[in-house]
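First up is the structure itself, then whatever we jot down about it.
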Amino acid sequence: MILYYSATGNTRHVAHRLAEAFDDQAVSILDAQSDGRRSFELAAGETLGIVTPTYFMGLPTLMSDFLDTLELHTADDTPYAYLIITFGNFSGTVRSSTAAALRAKGIPLAAAFGVRMVDTWTPVFDVSNQERNERVTRAADTAVDDIVAAVRTRATGSHRVRTGPPLVGSLMHASWKSKRSTRPFFVESTCIGCGLCAKTCPVSAIRMEDGMPTWVADTCAQCLSCLHRCPVFAIQHGPKTKGHGQWVHPDEASA
Ligand SMILES: Cc1cc2nc3c(=O)[nH]c(=O)nc-3n(C[C@H](O)[C@H](O)[C@H](O)COP(=O)(O)O)c2cc1C
């Protein structure tokens with residue numbers, strides 16, 4: 001079983017590549033959440049894959065909350081459990097936090113793999129260079145081929161996880177909790193009122209009022225799904241995102 005969280009398709013793409021390679025099922029934790037599903041069973045010999053993006057040098061809150069309340073019933077005493085982290089630069093504390101969450105359920109994390117992908121944190125990073133995006137995405141696919149081969153042989157240890165300086169990761173992630181404000185979001189007059197942003201917000205922080213998105217929560221998951229998926233790029237977050245472009249993994253952009 002593969003459990004994944006993805007806002008803009010990078011991590012979904014990786015989870016589905018693994019599922020295809022092993023004839024496994026990839027379960028979106030957002031779908032599981034909306035179905036009220038918290039309990040999962042692993043049959044004898046079945047592996048557990050956790051596939052997640054990095055948010056501010058740590059686990060996205062949606063994934064850490066999910067792992068905290070996850071109930072796992074396993075036929076084997078110690079199933080093979082692996083983690084795949086997608087990130088733009090450094091994954092910080094994602095491996096250590098996931099290992100701790102699984103350990104609390106009696107499951108040791110056997111292996112962790114990193115995949116560098118297009119960085120969707122566009123208040124800082126620029127995704128407007130399509131050539132670069134394609135290069136990064138091709139390299140990510142090669143990295144996923146290597147991960148498939150490693151999982152097949154039940155590899156252990158950390159591979160291309162790029163944690164960065166440990167203290168920086170811990171401090172950045174701790175400070176992020178107080179920075180999840182929805183205040184920097186705004187809508188441009190080009191908005192067509194389609195409501196896709198409200199429909200796809202994983203924490204229902206957006207409501208359509210008079211045909212325009214309005215942020216109705218003080219904080220959100222900061223996934224930027226609203227910004228990247230807007231068909232007319234009318235949603236912005238602070239002063240820089242307009243110039244930095246939008247990114248949705250080509251698997252979903254062409255769907
Ligand atoms: C709120 C937010 C914070 C992020 N923080 C980091 C980070 O600390 N380090 C990093 O390397 N990438 C970071 N990223 C980039 C994502 O981890 C990366 O683009 C990931 O592949 C996105 O996955 P998705 O398309 O499945 O949602 C961040 C992205 C977002 C939206």
Side-chain angles (χ1 to χ4, degrees), residues 5-13 52-63 85-94 115-137 139-140 162 164-165 168-203 205-208 212-250 252-253:
Y5 162 64
S6 178
T8 44
N10 285 349
T11 316
R12 180 184 183 278
H13 171 75
T52 182
T54 304
Y55 281 6
F56 274 76
M57 302 294 256
L59 277 173
T61 41
L62 287 164
M63 182 53 102
I85 310 165
T86 72
F87 56 84
N89 291 285
F90 293 109
S91 69
T93 62
V94 175
V115 185
R116 201 169 187 174
M117 301 190 83
V118 171
D119 197 316
T120 55
W121 185 241
T122 49
V124 175
F125 297 100
D126 187 346
V127 299
S128 62
N129 182 334
Q130 281 313 316
E131 227 172 83
R132 183 184 178 276
N133 295 345
E134 281 167 23
R135 214 173 36 243
V136 171
T137 303
R162 276 176 68 96
V168 175
S170 305
L171 290 175
M172 258 187 82
H173 195 59
S175 76
W176 178 52
K177 289 192 175 139
S178 61
K179 285 192 187 137
R180 289 192 287 123
S181 169
T182 51
R183 245 176 297 151
F185 285 104
F186 63 95
V187 190
E188 295 178 327
S189 58
T190 49
C191 173
I192 54 172
C194 68
L196 187 67
C197 49
K199 213 159 49 192
T200 55
C201 174
V203 293
I206 304 173
R207 194 187 301 147
M208 295 303 285
M212 295 285 273
T214 308
W215 279 263
V216 292
D218 292 336
T219 59
C220 72
Q222 295 274 314
C223 68
L224 300 189
S225 172
C226 54
L227 180 155
H228 289 295
R229 291 178 186 276
C230 173
V232 292
F233 197 14
I235 293 181
Q236 304 302 330
H237 182 285
K240 297 214 174 119
T241 53
K242 186 73 185 174
H244 286 174
Q246 289 174 294
W247 171 260
V248 174
H249 190 278
E252 295 192 19

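Side-chain atoms are counted along with the backbone in the values below, which use heavy atoms only and exclude waters and symmetry mates. Note that this is a predicted model, so its numbers are computed, not measured.
Judged purely by atom type and a 3.5 angstrom limit, Thr214 has no side-chain atom pairing as donor or acceptor with the backbone of Ile206. With Arg229 contributing its side chain and Thr200 its backbone, the two residues share no donor-acceptor pair below 3.5 Å. Of the possible donor and acceptor atoms, one in the side chain of Ser6 sits under 3.5 Å from a partner among the backbone N and O of Gly9. In terms of modelled atom types and a separation under 3.5 Å, the side chain of Lys240 and the main chain of Asp126 share no donor-acceptor contact. A donor-acceptor pair is defined here as one N or O able to donate and one able to accept, closer than 3.5 Å; such a pair exists between the side chain of His228 and the backbone of Trp247. Judged purely by atom type and a 3.5 angstrom limit, Arg116 uses its side chain to pair as donor or acceptor with the backbone of Gly88. Side-chain atoms of Gln246 do not come within 3.5 Å of backbone N or O of Val127 as any donor-acceptor pair.
If you look at His237 and Trp121, their ring centroids are closer than 6.0 Å.
Atoms CG and CZ, on Asp119 and Phe90 in that order, are 11.5 Å from each other to the nearest 0.5 Å. Expressed to the nearest 0.5 Å, how far CG of Leu227 lies from NZ of Lys242 amounts to 9.0 Å. Atoms CG and OG1, on Asn10 and Thr137 in that order, are 7.0 Å from each other to the nearest 0.5 Å. With rounding to the nearest 0.5 Å, the separation of CD1 in Ile235 from SG in Cys197 is 4.0 Å. With rounding to the nearest 0.5 angstrom, the CZ atom of Arg162 is 9.0 Å from the OG atom of Ser91.
Between Trp215 and Phe186, every side-chain heavy-atom pair lies at or beyond the 4.5 Å cut-off.
Partners of Arg180 under the side-chain hydrogen bond (donor to acceptor under 3.5 Å, both in side chains) rule, at least two apart in sequence or in another chain, do not exist in this structure.
At a cut-off of 3.5 Å, with distance as the only test, no side-chain donor of Ser170 or Thr93 sits close to an acceptor on the other residue.
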message: Working note: Phe185 + Cys226, criterion side chain to side chain contact (heavy atoms under 4.5 Å, CB included); need CA distance, chi angles, decisive distance, verdict.
response: CA-CA 10 Å; Phe185 285 104; Cys226 54; 3.7 Å; yes
- request: Quick one: do Thr219 and Thr182 satisfy side chain to side chain contact (heavy atoms under 4.5 Å, CB included)? Show the steps, please.
  value: CA-CA 5 Å; Thr219 59; Thr182 51; 5.6 Å; no
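Taking a 6.0 Å sphere around CZ of Arg207, one finds it holds 12 or fewer heavy atoms contributed by other residues, nucleotides or ligands.
Remark: Lys179 is not positioned above the aromatic ring of Phe56, lacking an NZ or CZ atom under 6.0 angstrom from the ring centre and at most 45 degrees off the axis.
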